[in-house]
*Asks:* 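Just dropping this structure here.
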Protein chains: 2
Amino acid sequence: MTHQREIILAELKKSTDHPTADELYERIKRQLPRISLATVYRNLEILSTAGMIRKLEISGRQKRFDWDLREHHHISCLRCQRVDNIELEVQEMLPAQAEDRQGYDISGWRVEFFGLCPKCRKDTNNSQGEETMACAPKGLSDNQRQVLEALAKSKEACGSKDIAAATSLEAKQVSCQITALKKKGFVESPIRCKYTITPEGQGALGE
Amino acid sequence: MTHQREIILAELKKSTDHPTADELYERIKRQLPRISLATVYRNLEILSTAGMIRKLEISGRQKRFDWDLREHHHISCLRCQRVDNIELEVQEMLPAQAEDRQGYDISGWRVEFFGLCPKCRKDTNNSQGEETMACAPKGLSDNQRQVLEALAKSKEACGSKDIAAATSLEAKQVSCQITALKKKGFVESPIRCKYTITPEGQGALGE
DNA sequence: CTTGACTCAGGAATGATTATCATATAGTTT
DNA sequence: AAACTATATGATAATCATTCCTGAGTCAAG
Ligand SMILES: [Mn+2]
Ligand SMILES: [Mn+2]
Ligand SMILES: [Zn+2]
Ligand SMILES: [Zn+2]
């Protein structure tokens, strides 16, 4: 039990959520600024192999860790990724009836619920339109920035050929980038084949 | 619905297992030798977003795909990674009682069983000792190969200092590599601080 | 004091998946 | 059908989470 391992375990026990390795890493760095992410991973692995903590396998996302060794299952929020414990009634304990299903020798099972946590439920009710903002993509590639800047300069909607002329790009490249920019919400098409920059696009340029 | 997308969907529907993206890729290459792995990923994503296939989230492993849209759950083999459908009895359908647990708005759930598939059960019963072989690590690093070759040349057990002399490595490095080689089963220690190569080690060198 | 067994931190590597972009293909409009 | 746009593909780089490898540290036996 090294110093780092103690700190990692203590930090996990302190947490009420079910943190991921890198969430823990961020918290631990305050005490051990020189620790590496690999060390956190390694020690969490060692601790869970030793049965001192549990590694949670939540569908398709980063693994999370739990200091609570009691047999229990989890529910997770589809929006904010929060993970909570869930209590199962006795009649919901499946494995008793599950022995030797389809010829398998069953050694474990897991049930997982998902939905919206109380907080996210409230947020959804209050404001519906803002979601698109929240999940909008971020960065601009070089080409995308060029196209966007050209559009910003133009007073009126213009076609991809105009943009190609204004930049050093070919028409094909422009068309390709406009598609990407439309998807990000930075460009819109008031009429077919003519494009303008959106306020969001202006904002993205400013950054 | 492009040609490649049709092929991908057809190939998935043909399969009775639940293939991963790259398993599908390998099968599809026979018909479309020029297709890229990215295209397979992209179209599987599109098809599952469109609800034409299902993407399976099996704990912590590669995602698998299923053409069967009926609500059903899965059981997977801990040894060979095989995934099968599992039938649940009506009384095992949890969500009816699960509405609104801990304030969550529950939109879904999943149960997942794991164990040994019939085939792997049989294999385990027949031969018990071979498991270590099966899960033994593979490759040798440069340093490890040097150490192992030195040991192979020596008629009798020798210490790390002898090996250090025979190779261009320092004693510490040798000691470190011997530890790794012991763990792999390529080296053993007939007496304290003296080492010999094992038959497995000979085999590893030969490859 | 020396030597070697054991453990560890952290940089580098890996595997799965996604993003980017030039090119190929499919669709529309004239 | 020509001219052009829109979309999909294929090659490749990038990214993200996770794991491996190795030199360095610690400690105890000789
Ligand atoms: Mn928990
Ligand atoms: Mn299935
Ligand atoms: Zn939430
Ligand atoms: Zn199996």
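All chains are named by letter (A, B, ...) in the order of the sequence lines, taking the proteins before the strands, and each is independently numbered beginning at 1.
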*Asks:* With a 4.5 Å cut-off on side-chain heavy atoms, are B:Thr20 and B:Arg64 touching?
*Replies:* yes

*Asks:* Taking only side-chain nitrogens and oxygens of B:Ser160, does any of them come within less than 4.0 Å of OP1 or OP2 of C:dG4?
*Replies:*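 Looking at the OP1 and OP2 atoms of C:dG4, one of them is under 4.0 Å from a side-chain N or O of B:Ser160.
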
*Asks:* Would you say B:Lys29 has more than 12 foreign heavy atoms packed within less than 6.0 Å of its NZ?
*Replies:* yes

*Asks:* A:Glu170 near the nucleic acid: base, sugar-phosphate alone, or nothing, with a heavy-atom cut-off under 4.0 Å?
*Replies:* nothing

*Asks:* Ignoring hydrogens and geometry beyond distance, is a side-chain donor-acceptor pair present between A:Asn43 and A:Gln4 at under 3.5 Å?
*Replies:*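 No pair is found: no donor N or O on one side chain lies under 3.5 Å from an acceptor on the other.
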
*Asks:* Within the 4.0 Å heavy-atom criterion, would you say B:Thr39 contacts the bases, only the backbone, or no part of the nucleic acid?
*Replies:* base

*Asks:* For the residue pair B:Asn85 and B:His74, confirm or rule out a side-chain donor-acceptor distance under 3.5 Å.
*Replies:* yes

*Asks:* Which residue lies toward the 5' end of DNA chain D, B:Thr2 or A:Gly159, if each is placed at its nearest nucleotide?
*Replies:*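 On the 5' side of the pair lies A:Gly159.
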
*Asks:* Of all the nucleotides listed (D:dT9, D:dA11, D:dA6), which has the minimum atom distance to the side chain of B:Arg34?
*Replies:*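 The answer is D:dA11.
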
*Asks:* One character per nucleotide, please: for nucleotides 15-20 of chain D, 5' to 3', B when the base has a protein heavy atom closer than 4.0 Å, S when only the sugar-phosphate does, - otherwise.
*Replies:* --SBB-

*Asks:* Give B:Cys176 one of three labels, base, sugar-phosphate or nothing, depending on what nucleic acid heavy atoms sit under 4.0 Å from its own.
*Replies:* base

*Asks:* Whole-Å distance between D:dC4 P and A:Lys172 NZ?
*Replies:* 12 Å

*Asks:* Which nucleotide, C:dC6, C:dG10, C:dG4, lies nearest any side-chain atom of B:Lys161?
*Replies:*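 The nucleotide sitting nearest to the side chain is C:dG4.
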
*Asks:* Would you mind classifying the nucleic acid contact of A:Tyr25 as base, sugar-phosphate or nothing, using non-hydrogen atoms under 4.0 angstrom?
*Replies:* nothing

*Asks:* Taking atom P of D:dG30 as reference, at what distance in whole Å does atom NZ of B:Lys194 sit?
*Replies:*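 To the nearest whole Å, that distance equals 15 Å.
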
*Asks:* Side chain of B:Ser175: nearest nucleotide among D:dT7, D:dA11, C:dA5?
*Replies:*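 Of D:dT7, D:dA11, C:dA5, C:dA5 is nearest to the side chain of B:Ser175.
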
*Asks:* Pick base, sugar-phosphate or nothing for A:Ile35, based on heavy-atom distances below 4.0 Å to the nucleic acid.
*Replies:*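 A:Ile35: backbone/sugar contact only, no base atoms under 4.0 Å.
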
*Asks:* Given 3.5 Å as the limit, does a donor-acceptor pair link the side chain of B:Arg121 with the main chain of A:Gly103, or not?
*Replies:* yes

*Asks:* Working to the nearest 0.5 Å, report the span between CD of A:Glu11 and CD1 of A:Ile7.
*Replies:* 8.5 Å

*Asks:* Given atom CZ of B:Arg145 and atom C1' of D:dT22, what is their separation to the nearest angstrom?
*Replies:* 18 Å

*Asks:* Would you please confirm or rule out a distance under 4.0 Å between OP1 or OP2 of C:dA9 and any side-chain N or O of A:Gln4?
*Replies:* yes

*Asks:* Just compare C:dA22, C:dC21, C:dA9 and give me whichever is closest to any side-chain atom of A:Gln173.
*Replies:* C:dA22

*Asks:* Just by modelled atom types, is the B:Leu44 backbone N or O under 3.5 Å from a matching donor or acceptor in the B:Ser48 side chain?
*Replies:* yes

*Asks:* Of the nucleotides D:dT5, D:dT22, C:dA5, which one has an atom closest to the side chain of B:Gln144?
*Replies:* D:dT22

*Asks:* Identify whether any heavy atom of B:Lys182 sits under 4.0 Å from a base atom; if not, whether one sits that close to sugar-phosphate; answer base, sugar-phosphate or nothing.
*Replies:*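 Here B:Lys182 touches the backbone only, sparing every base.
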
*Asks:* Whole angstroms only, please: what is the CD-P distance between B:Glu6 and C:dT25?
*Replies:* 16 Å

*Asks:* State plainly whether the residues B:Arg42 and B:Glu45 are in salt-bridge range, i.e. N to O under 4.0 Å.
*Replies:*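 Salt bridge flag = no for B:Glu45 with B:Arg42.
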
*Asks:* Measure from the side-chain heavy atoms of B:Gln177 and tell me the nearest of C:dC21, D:dG10, D:dT22.
*Replies:*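 The nucleotide sitting nearest to the side chain is D:dT22.
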
